[in-house]
Amino acid sequence: ETMKIGITQNNVGVDSYQTTYEKAFIDAASANPNVETVVLDAGGDVARQIAQMEDLIQQEVDAIIIWPTNGEAVIPAVRKAYKAGIPVIVTNSNIAEQGFEFVKSFSGPDNITQGSRAAEIMCDKFKDMGIENEAEIVQISGQPGYTTAIERAKGFEDRLPEVCPNVTLVETQPGDWNREKSQKVMEAFLVKYDGIDGVYAGDDNMGVGALNAAKAAGREGIIFVGATNFAVGYEAMERGEYWGSIYQSPVDDAEAALQTAIDVLSGKDVPFLNYFDTPKITQDNMAEFEKPVF
Amino acid sequence: MRPSNLSGVGTFLAKQGILVAFALFMIGFTIANERFLDPDNIMGVIRSSAILGVMALGVTFVVISGNLDLSVGSMMSFATIVVLDLHDKIGPTLAIPSMYAMVLCLGALIGFLVGYLKLNSLIVTLGMLSAIHGLTLTYSGGKNMDIADKEGTWFSVFGQSDALGIPVPILIFALLASVLGLALAKTPFGRKVYAVGGNGTAATFSGIRRARVVFTCYLASAFCVGTAGLLQASRSLGSQNTVGQGLELEVLAAVILGGASLLGGSGTIFKTVIGVLILGFIQNGLLLVGLQFYAQYVVTWIIIILAVWLDIAAKRGKLWSPIA
Amino acid sequence: MSNQTPALRLEGIVKTFPGVRALDKVSFSVMPGEVHALMGENGAGKSTLMKVLGGIYQPEEGRIIVGEQPVVMTSPLQAKAKGIVFIHQELSLAEELTVAENIYLGELPKKSFGRVDWQQLYAQTDEILGRLKVGFDAKTKVGDLSIANQQMVEIARALTVEAKAVIFDEPTASLTDAEKVVLFDVIEDLKAHGVGIIYISHRMEEIFKITDRISVLRDGHYRGTLTTAETDEDEITQLMIGRKLDLSRNASHHEIGDIALEVRNLSCGKLFRNISFDVRRGEVVGFYGLVGAGRTEIAETLFGLREPSGGEILLDGQPTVIHSPADAIAKGISLVPEDRKGQGLILGMNCRDNMTLPQVSDLKAGPFVAEGAEIAIFDQYRDRLDIRTPGWKQLVGNLSGGNQQKIVIGKWLSMHPNVLIVDEPTRGIDVGSKSEIHNLIRELASQGYAVIVISSEMPEVLHVSDRIVAMFSGKIIRTFTSEEVTEDNLIQAISGITSDKAA
Amino acid sequence: MEPGTLSTFLKRGAIWGFIVLELIFFSVAGEYLSLSDKAFMDLDNMLLLFKQSAPIGIIAIGMTIVMINGNIDLSVGATFALSAVVLLDSMTWPIFAGLGDGVIPIAWGLALMTGMLLGALNGLIVWKTGVDAFIVTLGAMLGYRGLVFMYNGEQPTSHLNWTLVDFAEAQFLGLHTATWFLIAVTAAVWFVMNRTVHGRNAYAIGDNRTAAINAGIRVGPHMMINFMIIGFLASLSAVVFYSESGSVNPNDGELYELWVITAVVLGGTKLTGGAGSVLSTLGGVLAIQLLRKGLGHIGADTETVNLVIGLILIAVLFLDRQLNLKGREELRI
Ligand SMILES: Nc1ncnc2c1ncn2[C@@H]1O[C@H](COP(=O)(O)OP(=O)(O)OP(=O)(O)O)[C@@H](O)[C@H]1O
Ligand SMILES: Nc1ncnc2c1ncn2[C@@H]1O[C@H](COP(=O)(O)OP(=O)(O)OP(=O)(O)O)[C@@H](O)[C@H]1O
Ligand SMILES: [Mg+2]
Ligand SMILES: [Mg+2]
């Protein structure tokens, strides 16, 4: 008997992580003869996502996977599915605790940990260079308002003073997950601050944007650290221009979500918080990782 | 009629309110942060405004002809993605003309729909905004597009190199602005653009082929968008599918800030350039002052309204609107 | 009359625009129950004076006195409250709304909750429309009406309020004779109720027919007031333009040449059917008919603006299809359209650019427009047509109505067409310039152009035409030569009374 | 016949014809392409359609009157978000702590006030400075969004109140709460535009502003009232939507202005003002929502959805033009 699984994603096409996720999800589903999927995308709009939840409920799918646009706003919609007896699996970024009773499982990376690991990468490098007591850094965060952006910034900002108490974060501005925007932000930072030693970016796309700005301005020796390693970031690391990032595979993310849904439907026991590991990647250990496909 | 005397300064202010506003902002920012007037910074702002600026040049034509173009942002993403993709497939020399050809086809399609079929330009270009985004995603499979060999290509000249000590994007922007500015102000075609936007019916009655004029304006817009995509691609040698997203409104804001009326028939390339620079310097100035991005939003709001208000108040000679 | 208090009085009014002193210490008054004409050349300042009175412009100097009270009027609303009603020269209507809503614009009758009292609105409107004897009803959308009928809607506004004074700014410019009669009845009626009426017109016969006194403006200056019964045309024109007019037709007997334009059985849907006529080089053919007779539509078809549903057009004997105005122009046809604001001009453009628009592609110096050549053309026609403007840079929208019309005429004359079609060419043009334009039309004919003149003014058609085509309801009733035609048989023909049909 | 009656409704029929086409297409295509065993035109699904149309729909109704008035409001998305922030945050304010669920009407009131004030501010600026509404509201789109972020940093503002959620999810006579609001707003605004002096004056101002001024209509206050109405409706939309969802991201409502304007123009309202109909706007909203829903139903992917929605918008416009052609004898301009 086939399982009908519906998924409503956050915003496909906004960056290649989400696009690769979608492809991987569809591939994984079609590889499994027992699974049929309805793949929807909310385009970043909560209202549209709630409508898609309602539609999926109305179409009587067997399970729903949701990549929340807003971890709280979707709770009532999740409750509707729960009331209709449809199990809900949250993917990539979690919903708020109030909604936990209505979902079966969360599957995805731990963004807070990612942020704090990025802080550690940065700090370790500064210690190597012996500037851990004077370094100044700037942060370029993701799209304002998005859980992922908020959590990665929070993880970083909380962890940094613990490991490197004397490093100062002089300014944070959003780069909207956008390489171009990030490049502009970095250009202004470079004009404004003469002594930038490090840049932390919410993902490598933005990190590379900042790197481009620094290269154009002829500023060398800045340490760039991202979270979520993209192909561009990996290449920049190969060239020795970019220090490190967090390795996170959208393929793992998608496959984990689908597998969790299948497990739930087959009556298996699944842990409620189903984090997959996202290790540190730096120029030192990058040989252990394959180049990301996105 | 006996002419009544208006002082030269008064007339100048009335005509160039926007320039005065521009000067005021520059002074304000310089007081707030002395690095603002640093030549490197100024060059940097103009260089990063060049992409928006090039797009705004084309949109100026469209707006003066009485139409809108909301598709420029997503068309710019398309151009960037296409030229990057083709760069690795057929080499930069062929990639550039191929990209222009594709973008001009899209421009021609819009021009056909708005000019010849007389469909409402707001909806047509809004539709194209969405459709071209879909096209880009289909083309790229939703992935980032990057040039494989970033060091070994001459393709970076457009976005990254200098000539005569000036960054090439600025030169291209300046060149295009001069050519298009002359075309608009001095050629028969430019005159027709104003006529069609000022009163399309009367223009038709004067033997102007309105559809053809509108069509050509969209081609001009597409050409500018292609150029912007080229600059963008060359600047970063890699891009997301959403690189131009949201630029349509910024472009429109710049054009309007320059004093073009959305009803058509008025505006100039020179003023659009001023509009572009104002936006660029506001953004940069606020970043330098160190405001949170959301405080920047609020300040931009106030500045846009003040600038336009100053401009029209100078024109009508009264601060407050005479509307009852 | 002189021992009464005037209904309103203007004293020492000064109004300037950038580059123009439109009114220079003008004083003027109108008595209750008087019809007071305001005359002057195009651009003399008549409309501006009235706009001051109507609260649209604020004068720099001078006073307005209503009854015995000096008043300051800063908006049309205040003028209205003082009992001043203003019927504008340029139509001032909301086209998407109904006739009733337009007539009561700004003062729709209200019920509870701010609702419109439609019943009352329609009742009142019907009553007014009844008095005006028009052929449309209160619920018609104004945009669906012809220009003439829209003008009647404007006029209807005069009847809506208890007015102390009503200003008519060239109300008859686009009316036909029948409608004029109605308008004059309305004016008589208002007059009998003690309303003071200010009447602006360039048409002498109307002035003599309905006015009591005449005040004249020239170049923004007050020139004097005459009593209508004691004056004549010569005296008025003398005051207006400072010289006498020679109104006789230039009896330039020139050769009538070959047929330049021939139309055979031309039809266009329901607009007109089976139209056949020809125009020879050196000949002026007048088209005369009532509003809606279809004359304008024929002109538009000849100019490539409408697709004929049947028939043939021949230029110099060659059958042609005219695809568009651009095509028509290339084939030597020009059209001076009847709606100068909508079709003739780009109001936000300057005078020179408007005038050279159809030929801008031909006036080139390298890739650019040859501005010197443009200015030369502009200067030539400004002098010829006596266009009053501070310079070519003035926006056409800032010109007086009559001067705008002259720009349109200049624009098409400067094209030197083979076939020139002029639709209501002298609408809103002062007497001096009018005769100048008539002379010009005759002169063009004598130079070998074929000219079609569409006009709703019988004297004009009779004056300029070699032959006259009388139309009624989309059909040609009869074609007269200038020898056969009389006022009577022309009126008969255009009213659909078919006595002898010889086309 | 008074304006706004059945005949004008049918004359602007293209959008309704298009809705019928969509229904037929998705029903047939759904048979082959959809995973679901349920028909597309299932009653529940159609009821959902109305409910899901409400957030955009309520704002679009407001946009119709602003556009009829000859203006435009690009700040509605930001107003929507700011009102939502006020709605959800005010429920947690200590001064209202003792009220229990009694805080709900107060929070609603505050949110609606917020929208009305923001609208009034736009209106006042347009009126007093004479700056074009497009520019004023383009600026406000940024400015109001900035206020949203200032309120709570980049964090979402959340307050889940299950009483409120239950109310918002309720169905009365089969229709969802949101649908009732949409219907009520449509009816009320239709009444205002077609039956009241304010509405008719708004048409006149949009049609020919000079004529309206000459006729002594006070243009400024009318415009301001309309901006207040759209501000109110943007916040009403937020009230209806966030009562159910309980959390607002600071960038919620982005791009709403474009979708709202699209719906309004699809409904036949002229961008230049003076003409337009509230009912046709409703048609425009339903057509867009139906399209999204239908594409989801038949399983179209993101690229296709973008592509198709774009092309369909243009197709509807084309259809509308073909239907309104007056025939060959029309002036070719
Ligand atoms: N808004 C304006 N801006 C600049 N100049 C203006 C404006 N309105 C009128 N004028 C000028 O003022 C003068 C008087 O114009 P007005 O319209 O009063 O003339 P008029 O006597 O009504 O002429 P007509 O018989 O042609 O209607 C003209 O020279 C005109 O160009
Ligand atoms: N009473 C009327 N009610 C509604 N529409 C009318 C009326 N009279 C005329 N029309 C419209 O006006 C058009 C005729 O216009 P027009 O008046 O321009 O004709 P014309 O013969 O050129 O007359 P003129 O040149 O005197 O204006 C017709 O197509 C008709 O639709
Ligand atoms: Mg006048
Ligand atoms: Mg006519």
Side-chain angles (χ1 to χ4, degrees), chain C residues 51 54-56 75-81 86 88 90-98 100-111 113-119 121-122 139 141-143 154 157 267-272 297 300-301 303-309 323-325 342-343, chain D residues 1-5 7-8 11-12 67-70 188-222 225-226 229 268-277 325-333:
Chain C
K51 284 181 184 167
I56 294 166
S75 74
L77 191 64
Q78 281 170 332
K80 223 172 179 179
F86 194 167
H88 289 267
E90 309 292 344
L91 289 172
S92 180
L93 299 167
E95 300 204 338
E96 294 285 334
L97 300 189
T98 61
E101 286 174 301
N102 267 288
I103 293 178
Y104 283 91
L105 201 63
E107 49 199 323
L108 294 172
K110 269 191 205 177
K111 286 196 289 192
F113 303 111
R115 282 179 300 161
V116 178
D117 189 341
W118 296 104
Q119 258 177 339
L121 175 67
Y122 289 137
K139 290 166 189 171
K141 202 173 97 174
V142 163
E154 281 269 4
R157 288 175 171 171
S267 301
C268 183
K270 281 176 253 155
L271 299 173
F272 55 83
E297 285 75 5
E300 286 166 347
T301 309
F303 198 55
L305 283 157
R306 291 178 192 274
E307 195 180 334
S309 54
H323 300 283
S324 66
Q343 304 168 335
Chain D
M1 201 187 331
E2 277 126 56
T5 39
S7 78
T8 40
K11 241 189 270 168
R12 299 205 186 89
M67 283 172 60
I68 285 172
N69 203 193
V189 171
W190 182 89
F191 176 82
V192 168
M193 291 315 282
N194 292 297
R195 289 288 177 268
T196 70
V197 174
H198 167 70
R200 302 319 293 170
N201 284 349
Y203 270 97
I205 292 167
D207 193 332
N208 185 339
R209 193 188 279 198
T210 318
I213 293 173
N214 287 345
I217 294 178
R218 295 203 60 202
V219 170
H222 281 296
I225 289 173
N226 288 332
I229 294 179
T269 296
K270 278 208 270 177
L271 280 163
T272 46
S277 131
L325 277 186
K326 296 206 179 76
R328 279 154 45 108
E329 58 202 47
E330 208 185 357
L331 255 187
R332 292 191 286 206
I333 46 169

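Per chain, numbering begins at 1; letters A, B, ... match sequence-line order.
- Shown here for C:E96 and D:G274, the closest heavy-atom pair between the two residues is CB-O, 3.5 Å.
- Of all the listed residues (C:L121, C:L93, C:I56), the one sharing the greatest number of non-hydrogen pairs under 4.5 Å with chain D is C:L93.
- Heavy atoms closer than 4.5 Å to chain C are found nowhere in D:R209, neither backbone nor side chain.
- Contacts between C:Y104 and chain D at a heavy-atom distance below 4.5 Å are absent for every atom of the residue.
- In this structure, the separation between OG1 on D:T196 and NZ on C:K111 is 12.0 Å, given to the nearest 0.5 Å.
- With a 4.5 Å cut-off on side-chain heavy atoms, D:T210 and C:S92 do not count as touching.
- With a 4.5 angstrom heavy-atom cutoff, C:E95 touches chain D via backbone and side-chain atoms both.
- Of the residues considered (D:V197, D:I217, D:V192), D:V197 shows the highest number of contacts with chain C, using heavy-atom pairs under 4.5 Å.
- The minimum heavy-atom distance between D:G216 and C:P76, with the atom names listed, is N-CB, 4.2 Å.
- Using a 4.5 Å heavy-atom threshold, the side chains of D:N214 and C:L105 count as separate.
- Interface check for chain D: of the options C:G106, C:G55, C:S75, C:A94, the most heavy-atom pairs under 4.5 Å are formed by C:A94.
- Between the CG atom of C:L108 and the NE2 atom of D:H198 there is a distance of 12.5 Å, given to the nearest 0.5 Å.
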